[in-house]
2 protein chains.
Amino acid sequence: MVNMSFSTYNSPSLEDALHIIRDALSRHMLTVLFGNCRVEYEGRASSTLEWGVRLVILKADGSVLIHRPTGYEPVNWQPPGSSFRVEVLDDNLKLTAVRSQPKEILNIFFSQIHHILTSSLADTGEFSLYVSELDMKKAILASPSLIEEGFHPLSAEKEAGEAGFVDVFGEDRNGNLVIIEIKRVQAGKDAVLQLKRYVDALRGKFNRPIRGILVAPEIQKDAQFLLAVNNLEFKQLSPRACYDVLKTFKVKKLSEFLT
Amino acid sequence: MVNMSFSTYNSPSLEDALHIIRDALSRHMLTVLFGNCRVEYEGRASSTLEWGVRLVILKADGSVLIHRPTGYEPVNWQPPGSSFRVEVLDDNLKLTAVRSQPKEILNIFFSQIHHILTSSLADTGEFSLYVSELDMKKAILASPSLIEEGFHPLSAEKEAGEAGFVDVFGEDRNGNLVIIEIKRVQAGKDAVLQLKRYVDALRGKFNRPIRGILVAPEIQKDAQFLLAVNNLEFKQLSPRACYDVLKTFKVKKLSEFLT
DNA sequence: ACGTCGATCTCGAAC
DNA sequence: GTTCGAGGTCGACGT
């Protein structure tokens, strides 16, 4: 069956499949194969997958996905940028996807191909994810009063020695240093410990009082306790508030805020 | 076209698609939809995806994958364990995938379905990845001389306070304590720092000399330097050597080695 | 090009 | 159940 934007083929011979796939790949079409195959992979690791019927997706950018009937993740794959080769040898159709940097090779051997779908679709529909941790950081830098009146950011990604990088580093209206750790979702003990590591790491380096503030939409009960024990603070900040701020500011880069 | 193990449908009406999908889902079949759709997601984050033609995969375990023509990752998805609802409203077919813990909802609205593939396949083919970090640990515990003659493992996952858990903890032929950090691939500075944290954390707790050994197939130049600076050691260990050891020992559990 | 870090991370194992 | 760490992580951003 053929249409403007896609074609499907039922139970083609391996020879027919060879030509269909070659043609589709040369035109950078999305190609979906459904058939009995085994897979070999060698690169950062090595793996083998014995015979079974799977869904194989070849994308326009050189990605390959091999999916079994369960699980979110593909059992084997190749990231974007791979180049393909198809051939028929003995009783198999062999599909090879190679990438360099790192050098990795994926071989798929089909004994039978039940179904092929090819499509040249473009899909220009816009995708928008509402708030990421980066968005929350941008919102705080754009509108520091989200934290408290008088808060003044000094830097983003402040290094705290071996402890890593502080999300936002600044000072409050009283001249105290402020270390902010941001979590996009409910904060747990891990976030508190992370904040504590940053505060401890920087405490010795400045001759000024340091406050540590955990910023998140909500916080777990035990994390709240752990905060109090360590003399740290919690500031509730909803993704919605950040979204509203960003909508008015429309900012691209973090550095634009740091003067 | 119908076959023992799979069926395909071209350009079904939304009403027909409704029945096909419902039937397939009730039988826990793999279902692949190709059509024009928009997507809403709300849960750990929120997102919208405007109209476009995509490949939608519904798996037997309740996973959903929505793939665009490029990229390794699905643009939207639902992890295994989701439950489905399908309905036709106005001019759309609405497919809902909900999961709890955490509460997440995915809505896919199709204006047109170009193609459907359903299959009840099982796919029992075995998948084997050759060496994991756990395999390397097992290999070291099974054959400690992979590290050096006279090395004797005392425990796996030895706690080192706040620093975390040591991969392998033991002693050498001279009675020095040995802390081993394993990397399955080329070791970087992060691995050195991790090893250093373990050594520092345990140094105060024992009245014996402590050696820190980074075990990996290879090591980055700067990591090598960082090792030397901190008086730590590197022991090269190839995945292949571990694979060979495991092949002969064929071991299941870590604890079998610790006496 | 490389390194670092977030992710609707996913996945498995240990507790 | 939760927590923790690995992943052929991927992908984005900064250098």
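Reminder, nothing fancy here: chain letters follow the sequence lines and each chain counts from 1.
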Using a cut-off of less than 4.0 Å, is there contact between a side-chain N or O of Gln101(A) and OP1 or OP2 of dC2(C)?
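Looking at the OP1 and OP2 atoms of dC2(C), one of them is under 4.0 Å from a side-chain N or O of Gln101(A).
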
At under 4.0 Å, does any side-chain N or O of Gln220(A) touch on OP1 or OP2 of dT2(D)?
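No, no such contact exists.
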
With nearest nucleotides of DNA chain D determined for Gly71(B) and Asp222(A) from heavy-atom distances, which residue corresponds to the more 5′ nucleotide?
Asp222(A)

Rounded to the nearest Å, what distance is computed from the [atom1] atom of residue [X] to the [atom2] atom of nucleotide [N]?
X	N	atom1	atom2	result
Asp190(B)	dG3(C)	CG	P	10 Å
Met136(A)	dT8(C)	CE	P	14 Å
Leu65(A)	dT10(C)	CG	P	16 Å
Lys221(A)	dT2(D)	NZ	P	16 Å

Within the 4.5 Å heavy-atom criterion, are Glu233(A) and Leu227(A) side-chain neighbours or not?
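Not in contact.
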
In terms of side-chain geometry, is the basic nitrogen of Glu104(A) or Arg99(A) positioned less than 4.0 Å from the acidic oxygen of its partner?
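Judged by the 4.0 Å cut-off on N to carboxylate O distance, Glu104(A) and Arg99(A) do form a salt bridge.
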
Salt bridge Glu40(A)-Arg38(A), side-chain N to carboxylate O under 4.0 Å
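Judged by the 4.0 Å cut-off on N to carboxylate O distance, Glu40(A) and Arg38(A) do form a salt bridge.
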
Distance-only, no hydrogens or angles: does the Lys59(B) side chain make a donor-acceptor pair with backbone N or O of Gly71(A) under 3.5 Å?
yes

Arg68(A) side chain vs Gly125(B) backbone, donor-acceptor pair below 3.5 Å:
yes

Closest non-hydrogen atom pair, Ile179(A) against Phe169(A)
CG1-CD1, 4.0 Å

Using every non-hydrogen atom in the two residues, find where Lys103(A) and Val98(A) come nearest and quote the distance to one decimal.
NZ-CG1, 4.0 Å

Rounded distance in Å between the [atom1] positions of [N] and [M]:
N	M	atom1	result
dC4(D)	dG8(D)	P	22 Å
dG6(C)	dT10(C)	C1'	14 Å
dC10(D)	dA6(D)	C1'	14 Å
dC5(C)	dC9(C)	C1'	12 Å

Grab the N/O contacts between the protein and nucleotides 6-10 of chain D below 3.5 Å, and write none if there aren't any.
from: dG7(D); atom 1: OP1; to: Arg184(B); atom 2: NE; distance (Å): 2.7
from: dG8(D); atom 1: O3'; to: Arg44(A); atom 2: NE; distance (Å): 3.4
from: dG8(D); atom 1: O3'; to: Arg44(A); atom 2: NH1; distance (Å): 3.4
from: dG8(D); atom 1: O6; to: Asn76(A); atom 2: ND2; distance (Å): 3.0
from: dG8(D); atom 1: O6; to: Trp77(A); atom 2: N; distance (Å): 2.9
from: dG8(D); atom 1: O6; to: Trp77(A); atom 2: O; distance (Å): 3.1
from: dG8(D); atom 1: N1; to: Trp77(A); atom 2: O; distance (Å): 2.4
from: dG8(D); atom 1: N2; to: Trp77(A); atom 2: O; distance (Å): 3.4
from: dG8(D); atom 1: N2; to: Gln78(A); atom 2: OE1; distance (Å): 2.7
from: dG8(D); atom 1: N2; to: Glu104(A); atom 2: OE1; distance (Å): 3.2
from: dG8(D); atom 1: N3; to: Tyr41(A); atom 2: OH; distance (Å): 3.3
from: dG8(D); atom 1: N3; to: Arg44(A); atom 2: NH2; distance (Å): 3.1
from: dG8(D); atom 1: N3; to: Glu104(A); atom 2: OE2; distance (Å): 3.2
from: dT9(D); atom 1: OP1; to: Arg44(A); atom 2: NH1; distance (Å): 3.4
from: dC10(D); atom 1: OP1; to: Arg44(A); atom 2: NH2; distance (Å): 3.0
from: dC10(D); atom 1: OP1; to: Trp77(A); atom 2: NE1; distance (Å): 3.2
from: dC10(D); atom 1: OP2; to: Arg44(A); atom 2: NH1; distance (Å): 2.9

